[in-house]
> 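I'd like to ask you about the structure that follows.
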Amino acid sequence: MPNNLCLSRQCLGLVTRIECAISPVASANGLWTLLCAAGLDGSQPTAIRVQGPFHGLKAAESVLEAIGDSLLQQGYSEAKSPAIWELHMRAELRKVNADQARFLSGWETRS
């Protein structure tokens with residue numbers, strides 16, 4: 001299964017787009033996160049959500065697959081254009097990684 005998906009749906013003349021990607025969490029052995037961005041096609045995303053961390057790639061892939069199946073049932077289809085919000089999701093992943101690093105270092109410095 002691919003580690004990302006890009007879906008779109010046209011409604012009332014507007015094209016709504018949802019992009020999702022699975023990424024490993026830095027400095028966390030075996031933890032993965034799922035990032036999703038949504039908004040109107042051709043503009044900036046209006047929402048970015050993070051789910052996880054998940055223990056292992058397979059767990060993250062199963063959540064991504066469930067989200068994709070649900071969106072397909074709601075009328076979304078595979079987008080013909082490539083992912084356009086990858087940079088936005090990478091910025092969000094940097095925040096997740098920074099939070100994870102602060103969390104882990106907090107445990108290491110306590111006595």
Side-chain angles (χ1 to χ4, degrees):
M1 164 167 207
N3 288 347
N4 57 30
L5 70 96
C6 185
L7 302 172
S8 64
R9 177 177 75 171
Q10 185 169 1
C11 183
L12 301 173
L14 298 174
V15 178
T16 304
R17 178 181 193 90
I18 297 177
E19 295 181 14
C20 298
I22 298 171
S23 296
V25 177
S27 304
N29 295 334
L31 293 181
W32 292 75
T33 189
L34 172 64
L35 300 119
C36 294
L40 295 177
D41 194 24
S43 64
Q44 302 294 319
T46 55
I48 298 178
R49 300 288 185 259
V50 178
Q51 289 189 348
F54 301 100
H55 293 279
L57 176 59
K58 294 289 183 198
E61 285 177 336
S62 83
V63 173
L64 177 63
E65 183 177 358
I67 289 171
D69 290 345
S70 176
L71 291 169
L72 290 171
Q73 290 175 4
Q74 294 176 45
Y76 282 84
S77 60
E78 206 170 315
K80 294 177 175 87
S81 60
I84 58 175
W85 295 329
E86 189 174 338
L87 292 176
H88 295 86
M89 289 194 288
R90 284 187 188 186
E92 195 66 28
L93 181 60
R94 280 193 301 273
K95 292 178 190 175
V96 168
N97 288 333
D99 289 345
Q100 183 71 19
R102 278 193 294 276
F103 175 76
L104 291 176
S105 68
W107 288 105
E108 294 169 354
T109 58
R110 293 182 185 159
S111 26

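Reckoned from all heavy atoms, side chains included, excluding hydrogens, waters and symmetry mates.
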> Counting distance only, does the side-chain N/O of W85 pair as donor-acceptor with the main-chain N or O of C36 below 3.5 Å?
no
> Considering residues at least two apart in sequence or located in another chain, which fulfil the salt bridge (charged side-chain N to carboxylate O under 4.0 Å, His left out) criterion with R49?
none
> Is E78 atom CD crowded by more than 12 heavy atoms from other residues, nucleotides or ligands, each under 6.0 Å away?
no
> For the residue pair Q74 and R9, what are the closest heavy atoms and their distance?
O-NH1, 3.0 Å
> I want to check something: taking the side chain as every heavy atom from C-beta on, are T16 and C11 in contact at a cut-off of under 4.5 Å?
no
> For a 4.5 angstrom cut-off between non-hydrogen side-chain atoms, does V50 reach K95?
no
> Counting C-beta onward and ignoring hydrogens, is there a side-chain heavy-atom pair between L40 and T46 closer than 4.5 Å?
no
> Start with the C-alpha gap between I67 and I18, add the side-chain angles, then the distance that decides, and say whether side-chain contact (heavy atoms from CB on, under 4.5 Å) holds.
CA-CA 11 Å; I67 289 171; I18 297 177; 5.9 Å; no
> Quick one: closest heavy-atom pair of T33 and Q51, and the distance?
OG1-O, 3.0 Å
> What are the two closest non-hydrogen atoms of S23 and L93, and how far apart are they?
CB-CD2, 3.5 Å
> Mind listing the closest non-hydrogen atom pair of C6 and R17 along with its distance?
SG-NH2, 3.0 Å
> If you round to the nearest 0.5 Å, how far is OG of S8 from CG of D41?
6.5 Å
> How many angstroms lie between atom CD1 of I48 and atom SG of C20, to the nearest 0.5 angstrom?
11.5 Å
> Could you check if a side-chain atom of V25 sits within less than 4.5 angstrom of a side-chain atom of N97, using non-hydrogen atoms only?
yes
> Quick check for you: to the nearest 0.5 Å, what is the distance between N4 atom CG and E19 atom CD?
8.5 Å
> What distance separates L31 CG from F54 CZ, expressed to the nearest 0.5 Å?
10.5 Å
> Enter the distance from I22:CD1 to L64:CG here, rounded to the nearest 0.5 Å.
4.5 Å
> For Q73, enumerate each residue passing the side-chain hydrogen bond (donor to acceptor under 3.5 Å, both in side chains) test, keeping only those at least two apart in sequence or located in another chain.
none
> Give a yes or no on whether I84 and Y76 share a hydrophobic cluster (residues Ile, Leu, Val, Met, Phe, Trp, Tyr; joining criterion: side-chain heavy atoms under 4.5 Å apart).
no
> For the CD atom of E86 and the CE atom of M89, what is their distance to the nearest 0.5 Å?
7.0 Å
> State plainly whether one hydrophobic cluster holds both V15 and L72, where clusters connect Ile, Leu, Val, Met, Phe, Trp and Tyr through side-chain heavy atoms under 4.5 angstrom apart.
no
